[in-house]
Every structure is written in structure tokens, then in C-alpha cells.
> 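Can you keep this structure in mind? I'll have questions shortly.
A, B, ... follow the sequence lines: proteins, then strands. Residue 1 opens every chain. All of these numbers come straight from a predicted model, not from anything done at the bench.
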2 protein chains.
Amino acid sequence: MHETLFKYIEDKSGMTLDSNEKILIAEKFKAKKFRKRQYLLQEGDVCKYAGFVVRGAARMFSVNDKGQEHIVRFGVEGWWLGDPESYTQGTPTQFHIELLEDSDLLLITWDQFQELNATIPAVAATLKSMDKQSFIASQKRIHAAISLSAEERYEELMKSYPSFILRFPQNMVASYLGISPETLSRIKKNAHNN
Amino acid sequence: MHETLFKYIEDKSGMTLDSNEKILIAEKFKAKKFRKRQYLLQEGDVCKYAGFVVRGAARMFSVNDKGQEHIVRFGVEGWWLGDPESYTQGTPTQFHIELLEDSDLLLITWDQFQELNATIPAVAATLKSMDKQSFIASQKRIHAAISLSAEERYEELMKSYPSFILRFPQNMVASYLGISPETLSRIKKNAHNN
DNA sequence: AAATATGCTTGATTTTTGTCAACGCGCGGC
DNA sequence: GCCGCGCGTTGACAAAAATCAAGCATATTT
């Protein structure tokens, strides 16, 4: 199961992991199975683990005073789960992370990740690339959020991550887009007439 | 003028720069003055330089088909200007970066930044910290955009970056928040009555 | 100083999106 | 197999925000 992670690191870093490095990595990343609806993180807790998704899917979301949920992001195979702010700074999180399917995760604590980061160049390069990519992706989503209508945001999502629309229930896609389920339903209905 | 940058790097990295490193850095970062309304980057161009703001302020924005502008972010003293996607990947940008005041910038190309990154540990640490901070900040803005009303987003901005509201014209603040100038004007009018 | 542009406000109106409520379909649990 | 519930749809209505238009004060230019 760690094989997926090795491939990911070699791919992201453009380097090769020797067998010794692989052993080090496999020691620190604990494989854990989660069932659908289980939580990796709950509001108020400190995010102890970063999780690499080998198989499955999850959502990270907040709940406001009125009980409304807002999905900040999804995580699928080859993505990472966790709240970076809470994870790196040890502060309580305002988010929940819930598995949406039976999933296989590889978990690692901040300290251990730092150790790998310091000892294995490929891991360091991977982390750097991840952060930059995350930032670029975030920038795009911000731009979409402030400049596009609900319908345009949906079309944007269809282009960028069509698999999300197939994989996740429509009400969650709506939450991810920042619109109500009803609005998304109507958008889909009218999509052809334009 | 490079002193500000040295301080920034030492602060972010938690390390000290020796005089040799400072010379290396000063060699690669070119100081350049910009006047109000000058552009650092225009849509369609490749972002050749990252710019560190020593003094002044700028906005990064897009223009859509209808000619509407949307401000993705502001940059002030101690912040960086540039489109990371275009800068790192060499692709044409969809954004403009315009100086909003007479400004002093320190400019560096991607290649040169990479060199410093490879040779000076404090620079490497700074870059890492920057990327992570940027991502965390972006995450917050995304969350605000999908979960808060116009008025709540404005209140959020008042808490997080009150200086923006004092420093920039109100129509630009509105654009940054993703709302119309009229709406922001009305929000301010009604602010007391709640 | 006059002329011009810019930014802010306000009102009237339209458009977009959210909310509330009802209904139906399909799937999983029992 | 039946029951209940989650999920999507639809309609009627309400709320939020955008748009259009006018007017005014303040900078900026000349």
C-alpha cells in the first residue's frame, strides 16, 4: 500500500527513492482503513495527522451557527487530507474531515513529516511542489469565487474536475461551489438551453 | 533598500544571513522604482519577475469579456507581487499587476531565485514558509467566499486587513470582496444599525 | 482657476440566488 | 419485501446583490 506513495513522491519530486529511503518512509506513514462516514478530524480538535489518500474520498467542511455546511475541499486518490493551519501550528481546527467512501489512508504526524523532510531530499522536493501547486489551485478558486456567477463556477468545475461531479452527491458539489442544492439543480436543467 | 529584504528573510526563516549571503542576494534582486499606475505585469505576458514590495502598494486583477475588473489580491510593504503560475511555468498570465502608489520593488527572475534557493538555506526556508502561509491564507479566503454573505465578508476583511480599507479606494475593496461598489457603499451605511 | 475625471452615494429596478415546502424516486437496512 | 430516509427536483416566494442612472464632492490636470 505504500507503493502508491512512493510513486507519488518520485513523480512529484522527479527523483528516485532508494530502498533505504522507502523503508524510512514506510516506517513513519501508518496505513489505516476508514469506513464511509468516519471522521479523520473534527472541529475543535488539533489536526494531528496529514493523510495521503491511497483509495477513497473525503470532504473537508465547516459548520456555521445555523448548522449549514460548507465544503472547503474534496480529497481523492493521490491527494492529501488535513488542515494545514492546525497541523503546522497546533491550533484547534474549525473544520471537519469526513470520509465519503471506504478508504485507505497513510497517516503521518507533523514531527515525523519534518524528519522525513530533513533526511530525504525527494520528500523535501515533494512538499515544496505540493505547497506551490496548492497555492496556485487556491488562487484559481478564489478568482472563480469572486468573479464568476453560480453557473459559470459550475462550468468551470466541469472543466477542471469533472470526476467530482460524477463521484459526489449533487448537494455536496453545490456546497463546494458555494451555492444551494436547489440552485445547482436548476443550473443543470437549464444548461442545454444556452 | 535591500535591507528590508534581508530583515524579511531573517525573520521568516529564523536564520541569520552572513555578509557574503547578503551580497549574493543583493546582486540578484534589482531595485526598481515604479510610479502610480505603472504596470508590473499585463495579461498575455509571461510573468518574468517576482517583486518584493519595499514601499508602495499594488493590485493583481483580471479583466473579463465585459470589461469588468476583479482584484485577486493586493500587495503592500513586505508582500510579493507576481503570478506564481505564470512565473514558475512560463505560461502567459491572465492577470494584470498595477501599482497603486509610487513604489520601490526588488525584482528577481525565476532562474535567479532558484539559484538563491539552492545556495542560501535562509532563502530556501523563507520560500517554504511563504508558500505554506500563502496556502493557509488562500484557504481562509475561499472559505469566506463560499460561506459568507457580502456583509460578513466585509466584516471579515475589517478584522483581517483593516489597513486595506483605509489605504485603497472603496471600489477596489469591493472588487476584492467580489461585490459591486454600490453594495459595499450600502453595507457601510447600514453597518451601525445592527 | 477652470475643466475634467474619479470616487462615493442614493434611488429605482432587474437579476440572481436562497429559502421553504411538497413530492417522487431509489437504495439500504431490517 | 417493506419502510424510511437521503437525494434530487420543482414551484412559489423572499432576500440579496447587480445594474442603471443621476447627482455631488473631491482630486487631478491643464
> Determine whether a donor-acceptor pair (one donor, one acceptor, N or O, separation below 3.5 Å) exists between the side chain of B:R186 and the base of C:dG11.
yes
> Could you say whether A:R37 or B:P181 is positioned toward the 5' end of DNA chain D, judged by the nucleotide with the nearest heavy atom to each?
A:R37
> Is the B:F61 to B:H96 ring centre distance short of 6.0 Å?
yes
> Return the value, rounded to whole Å, for the distance between atom CZ of A:R153 and atom C1' of C:dT17.
10 Å
> What is the nucleic acid contact for B:E152, judged by heavy atoms within less than 4.0 Å: base, sugar-phosphate only, or nothing?
nothing
> Specify the residue among B:K36 and B:S180 whose closest nucleotide of DNA chain D lies further upstream toward the 5′ end.
B:S180
> Atom CD of B:E69 to atom P of C:dG7: distance rounded to whole Å?
10 Å
> What is the distance, to the nearest angstrom, from the CG atom on A:N190 to the P atom on D:dT10?
9 Å
> Over how many whole Å does the gap from A:L184 atom CG to D:dG8 atom P extend?
9 Å
> Centres of the A:F29 and A:F113 rings: under 6.0 Å?
yes
> So what does A:I179 touch, heavy atoms closer than 4.0 Å: a base, only the sugar-phosphate, or nothing?
sugar-phosphate
> Measuring to OP1 and OP2 of D:dA18, would you say a side-chain N or O of B:T183 lies under 4.0 angstrom away?
yes
> When rounded to the nearest 0.5 angstrom, what is the spacing between CZ in A:F34 and CZ in A:R55?
12.5 Å
> To the nearest Å, give me how far apart CD (B:E151) and C1' (D:dA15) are.
13 Å
> Does A:Y176 have A:R153 sitting over its ring (NZ/CZ under 6.0 Å from centre, angle to axis within 45°)?
no
> Can you get from B:F164 to A:I146 by hopping between Ile, Leu, Val, Met, Phe, Trp and Tyr side chains that sit under 4.5 Å apart?
no
> What integer distance in Å separates A:E182:CD from D:dG8:P?
11 Å
> Take atom CD1 of B:I187 and atom P of D:dA16, then tell me their distance rounded to the nearest Å.
11 Å
> Return the CD1 to CD distance between B:I25 and B:E115, rounded to the nearest 0.5 Å.
13.0 Å
> Would you confirm whether B:Y87, through its side chain, and B:T109, through its main-chain N or O, come within 3.5 Å as a donor-acceptor pair?
yes
> Which parts of residues 156-176 of chain A get close to DNA chain D, meaning a heavy atom less than 4.0 angstrom away?
A:P169, A:Q170, A:N171
> How many Å lie between CD on B:Q68 and C1' on D:dA18, as a whole number?
9 Å
> Given D:dT9, is OP1 or OP2 found less than 4.0 Å from the side-chain N or O atoms of A:K189?
no
> Any idea which of C:dG11, D:dT9, C:dT19 is nearest the A:S185 side chain?
D:dT9
